[in-house]
Structure formats: C-alpha cells, structure tokens
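Report on one structure; see the data block that follows.
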Amino acid sequence: MELKSFAALFAAGTAYILLPLNFTSCSKDQIVSNITNERLFTLEYGNFEDELNVFDIAETGTINTSIAMQDGFFFIANGEAKKIMEMNSYGDLLNILYNDETNPRPTASMDSQAVNSTRKSAAYPFNEISRIAVDSRKYLYVTDTLPPERRETDAKTSQILSRIVLRFDDNGNFIDYIGQQGPGGTPFPYIDSIYATDKGELVVVCTSGKQKCIWWYSKEGFPVHTISVSDANIPNPFADEKTDAFLSIENIVCDYRARILYLKVDYFTSFVDEASRVQSGINYAGTYLYPFYVESELLGKPMEIPSYTEEVTEEFSKQTYEIPYDFLGVTANGWLFFIISTEDGLSIQMVQLDGQRILKRNLPLDRKNCLFYALSLSSRGIISSLIVKPENAEISWWRTDSLIQAVIKN
C-alpha cells in the first residue's frame, strides 16, 4: 500500500503552518512538588503463572517487558517468558496467555468448567512480544515477530518485514493478527509503538529506513489512513544561512478521541568555535509539538514545549543546561505528558493542549534499587509503572489524574 507523504502536504499547504504559541499559565501551576507513588502489589520472580521472568535482565539487548492499564486492570507483557498476564489492582491473576514451550501449564484453563474458577488461561505460540495496548473494550493488542520462514522483504527498501500486531478479545480469545493491509496482511517493519483509541481503533507507528510510517486502523482492523513522515518534511524555524539546524522526530502519539497525531520534534543547531571557526558540536535549540489532522491531512500550528532545566554545580561555578523532555503521551481530556529521568527519579511536565496551564511535578523513584522500569500512561492520565528491583517487581501508579482534576476545580 502506498503511503501518503508529508511532502505533498507541504507543497500544497505550507501557509497553514503558523508561528509557535506562547504559553500563558499562572505561576501557581508551575510550582514543583512530589506526587506520591502508590504501590499496589508485587510480583515474585520465577516461571509460575503469577510470576515474572526477568532472568535475562543481565544480558545485553532490549528488555521486552511492558505494562498497560485499563480501568484498574493491569496487562503485563513479559517478553522474556513469552506470556501476557492480566491482573487486578490487588495483584490477583485473572487471565494468562502463554507460550507452552517456555512456560509450565497454568493451574487454570480457558476451557475450564469450574464454577469457582477465577483464572483463565490459553496457550499461544508467542515469539518475541514487546509492545502492548488495551482499548476500552479490553481488547488486547500486542506486537510480535514472525518466525524466519514467514518474514518478507520490502522490494523497494530491501528491509526485512517481520513484525505483526496480535489481537485478542476481552476473554483472551485470539482474533487474528494485523499486518499492513489489515487482518493477515504484509508484516510491518520495526514497530516503535502501538495505540488503541477509545473507539477501538488501532494505530501502529513504525520506523522504515529514514522515515516514520503510521497506519491507522478501523475498529474492525482495516486500514483507513496511512501516513509517512521524515525529517525533510518537517518545518525548521531555526534554519538560517549562517547556522546549520537539525531536527529529530522524538515520538509520535495518537489522540484517544479524534483522528489526530501529535509529532514531538526536537531542534538542534550547530556550535561553531569562534577561534577556529570550525563546527565542534551541536546545541539544543527547542522543542515543538505539531498536531496532524489525519482525515483532512493538515498539519496544525505548532506548540512550543518548555525544556527541562538542569543545574550542575562544580566548586564555585554553576552551569545551567536545557534538556528536552521525552513525550510520554496525551490524555483523553487534552493534557500532554512529558517526562525525563532525574537523579532522584522522574520529572513530569503536563501541558494543556490549549497552552493555558503547565504543571510540573517530581515522581520519586529509588534509583539504587531500580534495575529496570516500564511506564504506561492511561487515557485518563494515570501513570502506571512496573519497577524491577533486586528482590521482586513492583506494580504501582502515580495518580496524576487526581492532580489535574484538582487544578481544574481550583
């Protein structure tokens, strides 16, 4: 399927791009304080159905364990064990999907007739699961990799196409797998992220060569929009004749209620040594967020995103550095979430889509006892976390949704 390019958009509608917005927020919204991390339950390490297998964590490579939360239910994709667990907020295992070649048979079965059975299970031949998403129906979407004999090669780019998105219903029954053309379609290139909207639509964001490719699917799993975007198609307000300017598309996130994509773009300029007049590095220049209206194929006016300020003190001198946040996601009620790792944990910046308020808070995280963590932002604005510690894994959340509601009321 041919992808629609941003190049055509800019050729026809460059005038639609406006200057960045300036934020107007009250000073009280800028106050930085801590949000308490609420621990919900822990998981022991092991191979049993309600345990987490992270024994490969000491090996090099990507850790493929992720988390998603929907209506207080937690879905944990344990890539190392090739299984997916569904749990409630008390840590009770409700459902497990597992590869029976790498996991012992669970004590409960999906076809169990026991009236008192609270656990369900089903075997599925997972290969390399990683990303996970859950929609409002509690349908589960998980990325997986096809075995070598089923992979394909892109005729134009010679890129290996091996990724698919598996779909399961709210009872854990396998529906089908989604490829580029929909159910059973051509595999994807590398998948950066997947999203499930409030309407049950799936969004797949991939990296293909030097561009990002986005597929938007209907509730039934058929593609309704396809978009491709590269650095060359994005406006660069920092470019001029004297200074080289560069940009990087850090993340692409979809809206939960409308067919809108949000592109977070970081900009950098070259640093030239005045004495030698030789480029010796790059400086961070700023961050813009661009909304792209999928159905009308229009790029909206960008919003300038404030950076994180870090102060480094050495003896009697103090240096200040501006660092871009990572784009975590957007909520259904229109708050953009940005996050960055700090010495004491995480720093979160929440920005209203209209730019009227900016909230900054610290999320405490014990770095000394944290081997790995995975985060997930729900559509309601709750940040869930899976924190791998030496003794066990902790499932917890930060109730940033309560903070936002309190600010709106005040």
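All of these numbers come straight from a predicted model, not from anything done at the bench. For this chain, numbers begin at 1 and follow the sequence in order.
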Check: [Y] and [X] side chains under 4.5 Å, non-hydrogen atoms:
X: S208; Y: Q159; value: yes
X: C206; Y: W215; value: yes
X: T287; Y: F327; value: no
X: L97; Y: L140; value: yes
X: D170; Y: Y139; value: yes
X: F372; Y: V54; value: no

Is there a donor-acceptor contact under 3.5 Å from the side chain of [X] to the main chain of [Y]?
X: N251; Y: K264; result: no
X: R367; Y: G345; result: yes
X: Q349; Y: P306; result: yes
X: N53; Y: N47; result: no
X: Q211; Y: V229; result: no
X: Y190; Y: R163; result: no
X: E44; Y: N392; result: no
X: D144; Y: E128; result: yes
X: T400; Y: G381; result: yes
X: S378; Y: M69; result: no

Have [X] and [Y] got a donor and an acceptor in their side chains that come within less than 3.5 Å?
X: T207; Y: K212; result: yes
X: S376; Y: S384; result: no
X: S396; Y: S385; result: yes
X: D344; Y: T342; result: no
X: E322; Y: T309; result: yes
X: Y284; Y: D266; result: no

Stepwise side-chain contact (heavy atoms from CB on, under 4.5 Å) check, N103 with I96: CA-CA 11 Å; N103 292 271; I96 180 171; 5.8 Å; no
Stepwise side-chain contact (heavy atoms from CB on, under 4.5 Å) check, Y98 with R105: CA-CA 9 Å; Y98 67 100; R105 182 177 177 82; 4.1 Å; yes
Whether [Y] and [X] form a salt bridge (side-chain N of Lys/Arg under 4.0 Å from carboxylate O of Asp/Glu) is what I want to check.
X: R380; Y: D71; value: yes
X: R399; Y: E38; value: no
X: D198; Y: R257; value: yes

Parallel, tilted or perpendicular: ring planes of Y325 versus Y308, cut at 30 and 60 degrees: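 Taking Y308 first and then Y325, their aromatic rings stand perpendicular (interplane angle over 60°).
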Parallel, tilted or perpendicular: rings of Y124 and F168 (30°, 60°):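 The arrangement is perpendicular - the two ring planes meet at more than 60°.
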[X] and [Y]: which non-hydrogen atoms are nearest, and at how many Å?
X: A374; Y: S66; result: CB-CA, 4.3 Å
X: T36; Y: W398; result: O-CD1, 3.6 Å
X: Y321; Y: V312; result: CE1-CG2, 3.8 Å

Stepwise side-chain contact (heavy atoms from CB on, under 4.5 Å) check, C254 with L261: CA-CA 4 Å; C254 79; L261 294 170; 3.9 Å; yes
Test side-chain contact (heavy atoms from CB on, under 4.5 Å) applied to D231 and K210, step by step: CA-CA 8 Å; D231 292 356; K210 295 183 179 181; over 6 Å; no
Identified side chain to side chain donor-acceptor pair (under 3.5 Å) partner of E201 from the options W216, Y195, Y256: W216
